[in-house]
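One structure below.
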Amino acid sequence: MRALNRWKLLWAYLTRKADVRALPVEYIVETTAKCNLYCPMCPRETHKQPKEDMEQTTFERLVRESGATAEHMMLIGLGEPFLDSRIVDRIEYCERHSVATLLSTNGTLLDEKTAERVLASPLKHITLSFDGSTKESYEFYRKGAKFERVRENFVRFARLKHERRAPIQVVVQMVRMERNAQEVDDFVKFWSAVPGVDQVRVKEDETNLMRPDSGHAAADWKHPCHYLWRGPMYVKHNGDVYPCCQSYMLDGKAVGNIGTQSLPEIFNSAAMQTYRRLHAGGRAGEIEMCARCCTTIPHPVLVAGSLVFHGETVRRLLPVVERLTYLSKLPRRLLSPPKPAAAREDLVQISSKKS
């Protein structure tokens, strides 16, 4: 069923069909809107969030309706996942429906007890977000967190994973911004030496808060955005569904609500079909949220590859593709980043290693 679904998505994407008789392979699911930090680059600082979790009935309905076709659910959003008391239960619920799960955490709550629970769960992938290699830069971007404590939490988690030979993929990630840009080498060196860390990733900030003049020029839209066909769709804690996470953060409107509509109805709604037609016609820049978007647009070759293979394989290959592109081993046109008013260096770096 999943393979057939991917082929339907691939055909719809390649033929630029607006009417898609399939479902996304990936979802970003915000199980909680609660967070314990203030981060100046985070969209929650401009989009006030309630201190609420996703209702379990909403979550279960989403998983049930997508279970036959979904391959990945990223249980993240504008909240810290470990503030959701049900997070491990949700991971296990997805596993019962053969849907792989991923988390990204700020690490403040990843104590030894929580680490043990996570490592005993069927979670497939975790991103440990650590924006800096010095106390000064890290605590500027992660206000409310303590550099030494979070670093200790992450090192302990990776070590425990290594000792237990747990299959979970561990990625330590830094978003490179003005204050930490000179710390990349030290960051990669430190985390590459930690047993249990599978990848060290330094990536570009994909929000507009720190650089509001960024976005895609009309000439960038040679290819339609893959999000509209393969996903991931973004499901807010209240059940509202958006074409992607960026669309919510750029003030786009919800295309449906999983609490009141079926998933096929939402994914093939009039709004989604309008977006696809505009993207297919090279007119994506007419959609305000797309014109302001800071997400890289992959070449159709990469999109096709992401639908030929199972989502878990794609998740593991993506860092390799990014690294090869960064090192100029692959043509730069395969990944087209947005162009700000002033030229920037390329920012994606990935170090992969055996744990």
Side-chain angles (χ1 to χ4, degrees), residues 35-46 76 78-83 103-112 114-115 118 125-162 169-214 249 294 296 319 322-323 326-327 337 340 342-355:
C35 192
N36 56 348
L37 298 184
Y38 164 75
C39 304
M41 68 287 192
C42 179
R44 67 179 293 118
E45 307 311 327
T46 56
I76 56 177
L78 294 185
E80 164 53 41
F82 291 121
L83 283 171
L103 288 185
S104 177
T105 177
N106 63 34
T108 55
L109 303 173
L110 193 59
D111 56 21
E112 188 166 358
T114 302
V118 171
H125 175 115
I126 190 167
T127 296
L128 310 178
S129 298
F130 202 74
D131 294 321
S133 63
T134 65
K135 180 181 179 69
E136 292 73 24
S137 62
Y138 172 80
E139 293 185 1
F140 174 82
Y141 288 119
R142 297 282 177 170
K143 289 179 170 59
K146 298 298 182 184
F147 177 81
E148 295 86 356
R149 181 179 300 173
V150 175
R151 186 172 65 178
E152 179 184 350
N153 285 350
F154 284 166
V155 170
R156 179 179 55 239
F157 181 85
R159 186 187 70 244
L160 289 171
K161 174 252 179 166
H162 179 68
Q169 184 181 34
V170 177
V171 176
V172 181
Q173 177 175 285
M174 180 178 97
V175 178
R176 191 174 102 165
M177 295 167 283
E178 183 178 0
R179 287 180 178 246
N180 63 14
Q182 304 306 313
E183 301 174 9
V184 169
D185 290 343
D186 289 341
F187 179 87
V188 172
K189 181 178 180 181
F190 177 87
W191 289 105
S192 294
V194 176
V197 174
D198 298 296
Q199 295 168 5
V200 181
R201 188 169 193 250
V202 180
K203 68 184 289 287
E204 181 180 349
D205 177 23
E206 293 185 341
T207 70
N208 291 63
L209 272 71
M210 307 296 283
R211 46 196 181 95
D213 60 341
S214 296
M249 299 167 192
C294 289
T296 296
E322 286 183 325
R323 181 167 175 77
Y326 174 78
L327 295 174
R344 296 196 303 275
E345 297 178 50
D346 297 308
L347 300 181
V348 175
Q349 293 187 31
I350 296 178
S351 170
S352 298
K353 67 188 191 69
K354 299 288 185 181
S355 59

Q. Side chains of V170 and W191: closer than 4.5 Å at any heavy-atom pair?
A. no

(Q) If I compare all heavy atoms of G107 with all of N153, which pair ends up nearest, and what's the gap? (A) O-ND2, 2.8 Å

Q: Would you name the heavy atoms of F130 and F187 that are closest together and state the gap between them?
A: O-CE1, 3.1 Å

(Q) Main chain of A145, side chain of Y138: is a donor-acceptor contact present, judged purely on distance under 3.5 Å? (A) no

Q. What is the distance from atom CG of L37 to atom CD of E45, rounded to the nearest 0.5 Å?
A. 9.5 Å

Q: Verify the neighbour count for atom NZ of K135: are there more than 12 heavy atoms of other residues, nucleotides or ligands below 6.0 Å?
A: yes

Q: Would you indicate whether the side-chain heavy atoms of L78 and C35 approach each other to under 4.5 Å?
A: no

**Q.** Gap between atom SG of C42 and atom CE of M249 - 0.5 Å precision
**A.** 7.0 Å

Q) Is any side-chain heavy atom of D131 less than 4.5 Å from a side-chain heavy atom of M41? A) yes

Q) Could you walk me through whether V184 and M174 pass the side chain to side chain contact (heavy atoms under 4.5 Å, CB included) check? A) CA-CA 8 Å; V184 169; M174 180 178 97; 3.8 Å; yes

Q. With distance as the sole test, does E80 use its side chain to make a donor-acceptor pair with the main-chain N or O of N106 at under 3.5 Å?
A. yes

Q.
Can you confirm whether R179 sits close enough to E136 that some side-chain heavy atom of one is under 4.5 Å from a side-chain heavy atom of the other?
A. no

Q) Just how far is it from atom CZ of F157 to atom CG of L110, taken to the nearest 0.5 Å? A) 6.0 Å

Q: Taking the side chain as every heavy atom from C-beta outward, state whether I76 and T127 have any atom pair closer than 4.5 Å.
A: no

(Q) Quick check for you: to the nearest 0.5 Å, what is the distance between E152 atom CD and D111 atom CG? (A) 10.5 Å

Q) Does I126 reach the side chain of V171, with side-chain heavy atoms less than 4.5 Å apart? A) no

Q. Is the closest side-chain heavy-atom distance between V175 and Y141 below 4.5 Å?
A. no

Q.
Has E139 got a side-chain atom pairing as donor or acceptor with F147's backbone, closer than 3.5 angstrom?
A. yes

Q | Minimum-distance pair of heavy atoms, taken over all atoms of S129 and S104 | A | OG-OG, 3.3 Å

Q) Do side-chain atoms of N180 reach the backbone of S137 as a donor and acceptor pair under 3.5 angstrom? A) no

Q. Do any N or O atoms from the side chain of K161 and from the backbone of G196 form a donor-acceptor pair under 3.5 angstrom?
A. yes

Q. In terms of heavy-atom contacts, does CZ of R156 have more than 12 from other residues, nucleotides or ligands at under 6.0 Å?
A. yes

Q | CG-OG1 distance between N36 and T108, expressed to the nearest 0.5 angstrom | A | 3.5 Å

Q) Is there a side-chain contact between V194 and F190 (heavy atoms, below 4.5 Å)? A) yes

Q: Measure from the side-chain N and O atoms of E183 to the backbone N and O of T134, and report whether any donor-acceptor pair falls under 3.5 Å.
A: yes

Q. Hey, is the main chain of P43 close enough, under 3.5 Å, to the side chain of T46 for a donor-acceptor pair?
A. yes

